[in-house]
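So that the names make sense, note that chain A is the first sequence line, chain B the second, and so on, each numbered from 1.
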Amino acid sequence: MKIATWNVNSLRVRLPHVLQFLQDEQCDVIGLQETKVDDDKFPEDEIRKLGYSCLFSGHKAYNGVAILTRDESVAVSDASFGIPGYPDPQKRLAAATITAQSGASFRFVCGYFPNGQAPGAAKYLYKLEWFCALRSAIEARLRTDPNLILVGDMNVAPTDEDIWDPEGWKGHILVSDAERDAFNSLIALGLTDAFRKAPVTEGDWSWWDYRNNALLRDQGARIDHTLVSDPLVGKIESVKIRRAYRELPQPSDHAPVVLELSL
DNA sequence: ATGACCGATCTTATCGGA
C-alpha cells in the first residue's frame, strides 16, 4: 500500500505535476492540500482518466483538500469533510475509509493544518484551537477505527531535527513550543510519525521557501507528515520525500511524501 | 529587513502563505 501527501499550492497550476506523479508513483491513496479550487472547478476528468477517483472539499483562493484513490487497488467508503463538531468555513479536512484488495482497511484522514502566521496572532490561536478540535475527533475515531492514517501539511516541524536552522527559527511559527505541544498531543493518542520509525527513508525536508534560493541552499523544514496508529506501526516499510517534484519548473513549495506499508 | 517568491483576486495592489 502506497500512500502520499502533497501540498500542491493550487491544483490547477500544479495539475501537470500531479498527473505526472500519479503516473510515475502509482500510489493507492493520495491526500492533497491547498487545492485552492471551487468544487465545481475541480479537475476531476483529467485525474479520472488515469484511473483515480476524487473526493474533494475546496473553495477558491485558499485552503482546500482532496483524496485521490486508485480504482483498481482500493475501495472507498464513508467520506466526510471537516472536523466533526467543529464548524469551520475553511476547507481543511477530508477523510474516508479505505479498503485494500487484501481486505485490510483503515481510516484515512487528510488535513491542511492552519499556518498560524506568527505566535500570538489571531491565526495562531485558531491554529491551536484547530489542533485541539482535531485531537478530540481523532481520539473518538480511533475507538471505532483503530487502523488510522493521518497525513497532511501539519505546519509543524516536530523537533529541531526537522528544520534547517533551529537556532534562527527559535520562537517562530512551525517550531514554537505550543505548536510542538499540540502536535505531540496528537501523537499521544497513539500515533507515530512514520518518517522517524521507517526502516528506509529518503530526504530531509518537505518544504522549502520560494524565497531566498532556499531550495538551492537546502534551507527547508519537514512539516508534511504521515502519522500511523499503533496497529500499523509494524507495517511501515518506507517514507520517501520526493524532492524531485520540488525541482520541476513552476513547482509547489512542498514536495510529495510517500509512505509504503505492508498492507 | 517594511526584503525576497508564488498564487489568487474584488488583479496593475494586496493578501496569505511558512
Side-chain angles (χ1 to χ4, degrees), chain A residues 5-19 31-43 56-66 88-93 110-131 134 151-183 195 203-225 241 243 245-257:
Chain A
T5 179
W6 194 3
N7 177 324
V8 293
N9 187 18
S10 172
L11 180 56
R12 282 176 295 178
V13 171
R14 225 65 64 202
L15 187 60
H17 294 188
V18 171
L19 297 178
L32 301 178
Q33 304 90 39
E34 276 208 278
T35 54
K36 294 186 174 179
V37 63
D38 272 325
D39 288 347
D40 60 4
K41 295 189 176 66
F42 192 93
F56 43 84
S57 171
H59 48 69
K60 65 182 176 184
Y62 308 114
N63 312 312
V65 286
D88 186 356
Q90 302 190 28
K91 307 299 190 189
R92 294 183 175 276
L93 201 81
C110 165
Y112 174 46
F113 292 43
N115 167 292
Q117 194 168 50
K123 288 174 185 172
Y124 184 81
L125 301 178
Y126 164 66
K127 180 177 193 173
L128 298 178
E129 183 185 82
W130 195 93
F131 253 105
L134 180 66
V151 308
D153 174 1
M154 304 194 187
N155 273 316
V156 177
T159 73
D160 281 354
E161 302 298 304
D162 299 309
I163 187 111
W164 69 278
D165 177 17
E167 286 308 309
W169 277 74
K170 207 173 268 296
H172 202 268
I173 53 158
L174 310 188
V175 306
S176 73
D177 289 343
E179 288 166 271
R180 285 178 170 173
D181 289 349
F183 179 85
F195 185 83
D204 298 296
W205 319 131
S206 65
W207 166 82
W208 297 258
D209 202 311
Y210 284 124
R211 298 168 293 185
N212 217 21
N213 284 319
L215 180 67
L216 212 63
R217 296 152 80 169
D218 204 25
Q219 299 176 343
R222 194 177 66 89
I223 57 177
D224 300 88
H225 303 298
I241 304 174
R243 181 189 165 112
Y245 292 88
R246 179 65 178 80
E247 295 170 338
L248 293 172
Q250 202 177 11
S252 168
D253 46 352
H254 295 252
V257 180

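Here A:Asp160 pairs with A:Arg180 in a salt bridge; the nearest charged N to carboxylate O distance falls below 4.0 Å. Taking the charged nitrogens against the carboxylate oxygens, A:Arg243 and A:Asp218 do have a contact shorter than 4.0 Å, which makes a salt bridge.
Following rounding to the nearest Å, A:Gln33 (CD) and B:dG7 (P) show an atom-to-atom distance of 17 Å. Taking atom CG of A:Leu15 as the reference point, atom P of B:dG7 lies 14 Å away to the nearest angstrom. Computed from coordinates, the A:Asp38 CG to B:dA8 P distance equals 12 Å when rounded to whole Å. The distance between atom CG of A:Leu215 and atom C1' of B:dA4, rounded to the nearest whole Å, is 15 Å.
Take A:Tyr245 and apply the ring-ring contact (aromatic ring centres under 6.0 Å, His included) test, not counting sequence neighbours, and it matches A:Trp6, A:Phe21. Take A:Glu129 and apply the salt bridge (charged side-chain N to carboxylate O under 4.0 Å, His left out) test, not counting sequence neighbours, and it matches no residue. Applying the ring-ring contact (aromatic ring centres under 6.0 Å, His included) rule to A:Tyr112 yields no partners; only residues at least two apart in sequence or on another chain are considered.
Between B:dC10 and B:dC15, the distance separating the two P atoms is 15 Å to the nearest Å. On the P atoms, B:dA13 is 22 Å away from B:dT2, given to the nearest whole Å. Using atom C1' as the reference point in both B:dG16 and B:dT11, the two lie 15 Å apart (nearest Å). Comparing the C1' positions of B:dA1 and B:dT12 gives a spacing of 25 Å, expressed to the nearest Å. Nucleotides B:dT14 and B:dA4 have their P atoms positioned 13 Å apart, rounded to a whole Å.
Proximity of residues 167-174 of chain A to DNA chain B (heavy atom under 4.0 angstrom from any strand atom) is restricted to A:Ile173, A:Leu174.
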Any N/O pairs under 3.5 Å between the protein and nucleotides 13-17 of chain B? List them or say none.
residue: B:dG16; atom: O5'; partner: A:Lys123; partner atom: NZ; Å: 3.4

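Taking the centre of each ring, A:Phe131 and A:Phe113 come in below the 6.0 Å mark.
Side-chain contact between A:Pro43 and A:Leu11: present, with at least one pair of heavy atoms (C-beta onward) separated by less than 4.5 Å.
Of the residues listed (A:Ile223, A:Asn7, A:Asp162), the one engaging A:Ser206 in a side-chain contact (heavy atoms from CB on, under 4.5 Å) is A:Ile223, and it is the only one.
Comparing A:Asn213 and A:Ala118, the nucleotide of DNA chain B nearest to each residue sits closer to the 5' end for A:Asn213.
Of the side-chain N and O atoms in A:Gln250, one or more sit less than 4.0 angstrom from OP1 or OP2 of B:dG7. Taking only side-chain nitrogens and oxygens, A:Arg14 never comes nearer than 4.0 Å to OP1 or OP2 of B:dC6.
Residue pairs meeting the side chain to side chain donor-acceptor pair (under 3.5 Å) criterion with at least one partner in residues 166-175 of chain A, sequence neighbours excluded, are absent.
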